[in-house]
Amino acid sequence: MDAVRIIVASRRGLAEANTVQGVIVEAWQAQALAEAVGSHLAIFGPYEVRSRARGLGDAGGRFSGGLLCPASFTGGLRAAQLSEVRDAKAALTGLCLLLREVCEALVAVVLLADGEGMYWTCVEAMDTVDESRDRVAGILEKLEVRDRNPA
């Protein structure tokens, strides 16, 4: 499945998340998607962005929130369905928007977290999502430079 379709599904899932656990699940889904898109672009993406995409793949894999999300609760990883990135710019722009929305949702639920463990999970997720979003923005900048200066 194309990355853009998965991103749309992830944004819908986040919009429908109405519990702290639901937002954590969607943060985990988004991070897994960032990892998958980064890894895909590191191999198949434009040459100019491959090293940055590898960094996105690494950053996306750092969030351990999945440990709190049993597979039966998540319905599986949407990112596992990724088979192609047809339009890298559209996918990265959508991913950046998704990661921003995840961070905003995490800020909203961190105050509702019951227990120190969940609080720190939310904080860790916000840090990781923010790092991934910065990496996506860096890749988008590289693509803009490439498009302005065609070889």
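Just so it is clear, the values below take in all heavy atoms, side chains as well, and ignore hydrogens, waters and symmetry mates.
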Asker: Run the numbers on R78 and E26 for side-chain contact (heavy atoms from CB on, under 4.5 Å), then give the verdict.
Answerer: CA-CA 10 Å; R78 289 184 203 106; E26 291 305 323; 2.9 Å; yes
Asker: Say you draw a straight line from CG of D134 to SG of C96; how long is it, rounded to the nearest 0.5 Å?
Answerer: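 SG of C96 is found 8.5 Å from CG of D134.
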Asker: Ignoring hydrogens and angles, write down the donor-acceptor pairs under 3.5 Å from the side chains of residues 37-44, residues two or more places apart or on other chains.
Answerer:
residue: S39; atom: OG; partner: E35; partner atom: O; Å: 2.9

Asker: If you define the side chain from C-beta out and look only at heavy atoms, does anything of Q29 sit under 4.5 Å from L77?
Answerer: yes
Asker: Tell me every residue that passes salt bridge (Lys or Arg N to Asp or Glu O under 4.0 Å) with R148, counting only those two or more places apart in sequence or in another chain.
Answerer: none
Asker: If you look only at distance, which donor and acceptor atoms sit under 3.5 Å apart when one is on a side chain in residues 97-113 and the other is two or more places apart or in another chain?
Answerer:
residue: R100; atom: NE; partner: E104; partner atom: OE2; Å: 3.3
residue: E101; atom: OE1; partner: R11; partner atom: NE; Å: 2.9
residue: E101; atom: OE2; partner: R11; partner atom: NE; Å: 3.3
residue: E101; atom: OE2; partner: R11; partner atom: NH2; Å: 2.6

Asker: Excluding sequence neighbours, so at least two apart, what forms salt bridge (Lys or Arg N to Asp or Glu O under 4.0 Å) with E141?
Answerer: none
Asker: Between S83 and D2, does a side-chain contact (heavy atoms from CB on, under 4.5 Å) hold up when you go through it step by step?
Answerer: CA-CA 6 Å; S83 59; D2 181 54; over 6 Å; no
Asker: Suppose we screen for side chain to side chain donor-acceptor pair (under 3.5 Å). Which residues come up paired with D147, at least two apart in sequence or across chains?
Answerer: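 Only K89 meet the side chain to side chain donor-acceptor pair (under 3.5 Å) criterion with D147.
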Asker: Clusters formed by hydrophobic residues whose side-chain heavy atoms approach within less than 4.5 Å: which one holds V145, and what are its other members?
Answerer: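 Cluster partners of V145: none, it stands alone.
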Asker: For R50, does the CZ atom sit with more than 12 other heavy atoms under 6.0 Å from it, leaving out its own atoms?
Answerer: yes
Asker: Flag the pair E131 / R135 as yes when at least one side-chain heavy-atom distance between them is below 4.5 Å, and no otherwise.
Answerer: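 In short, these two side chains touch, coming nearer than 4.5 Å.
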Asker: My understanding is that only residues two or more places apart in sequence, or in another chain, count here; which of them pass side-chain contact (heavy atoms from CB on, under 4.5 Å) with R12?
Answerer: V8, A9, E16
Asker: Between T128 and Q31, is any side-chain donor less than 3.5 angstrom from a side-chain acceptor?
Answerer: no
Asker: Of all residues at least two apart in sequence or in a different chain, which pass the salt bridge (Lys or Arg N to Asp or Glu O under 4.0 Å) check with E48?
Answerer: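 If we apply the salt bridge (Lys or Arg N to Asp or Glu O under 4.0 Å) test to E48, skipping adjacent residues, there are no hits.
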Asker: According to salt bridge (Lys or Arg N to Asp or Glu O under 4.0 Å), who are the partners of R133, at least two apart in sequence or on a separate chain?
Answerer: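 Residues passing salt bridge (Lys or Arg N to Asp or Glu O under 4.0 Å) with R133: D130.
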Asker: Using side-chain contact (heavy atoms from CB on, under 4.5 Å) as the criterion, list what pairs up with A90, not counting sequence neighbours.
Answerer: V4, D87
